[in-house]
Amino acid sequence: KCHTFMETDCTSTESLAKACPDGCPYVAPHPQLSCVFECTKAEDCSSANPENAFANNLTHMCEQCDVVGCRRCSSRHICEECFDNFLLGLGGRAR
C-alpha cells in the first residue's frame with residue numbers, strides 16, 4: 001500500500017521493492033526507525049525521507065543524495081529541485 005509504513009526483518013532490501021504496488025514502486029526507509037519503510041513514487045522519495053532524495057531506478061530504493069538541500073536528485077551528485085531556502089546552482093549543486 002502506498003505511503004503506509006511497513007516493518008521488515010532487516011535482512012535484505014532486495015525483496016522490499018517487490019512488496020510495493022505499481023503506483024508507488026520505490027522503497028523509502030523511515031527517517032528514524034531502522035527496518036521500517038514505505039512505498040512511494042520516485043518524485044516523492046524526499047517527502048517520505050528528506051535524506052533520501054535520489055530515486056534509484058535500478059534498485060527502486062530511495063537513496064541518499066550527496067547534494068545538501070536537494071528535494072529531488074537525478075543522480076547521487078546532481079540536484080534537479082531544491083528544498084525551500086536553497087537555490088539550484090551550476091552543475092546541479094544547491095546553494
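Bear in mind the structure is a predicted one, so any value in this text is a computation, not a measurement.
Distance alone, capped at 3.5 Å, places no donor-acceptor pair between the Asn52 side chain and the Ser46 backbone. A distance-only check finds no donor-acceptor pair linking the side chain of Asn49 to the backbone of Ala28 [under 3.5 Å].
Taking SG from Cys65 and CD1 from Ile78, the interatomic distance works out to 9.5 Å, rounded to the nearest 0.5 Å. One distance of note links NE2 of His77 with CG of Asp66; it measures 5.0 Å at 0.5 Å rounding. One distance of note links CZ of Arg76 with SG of Cys70; it measures 13.0 Å at 0.5 Å rounding.
The closest side-chain heavy-atom distance from Cys79 to Phe86 is not below 4.5 Å.
For the two cysteine residues Cys39 and Cys24, the thiol sulfurs sit 2.5 Å or further apart. With 2.5 angstrom as the limit on SG-SG distance, Cys62 and Cys45 come in below it.
Around CD of Glu51, the count of heavy atoms belonging to other residues, nucleotides or ligands within 6.0 Å does not exceed 12.
Evaluation of the side chain to side chain contact (heavy atoms under 4.5 Å, CB included) rule for Glu81 yields Arg71, Arg72 as partners, not counting sequence neighbours.
The ring-ring contact (aromatic ring centres under 6.0 Å, His included) analysis of residues 34-54, with sequence neighbours excluded, yields no pairs. Applying the side-chain hydrogen bond (donor to acceptor under 3.5 Å, both in side chains) rule to pairs touching residues 26-41 yields His3-Glu38, Tyr26-Asn57, sequence neighbours excluded.
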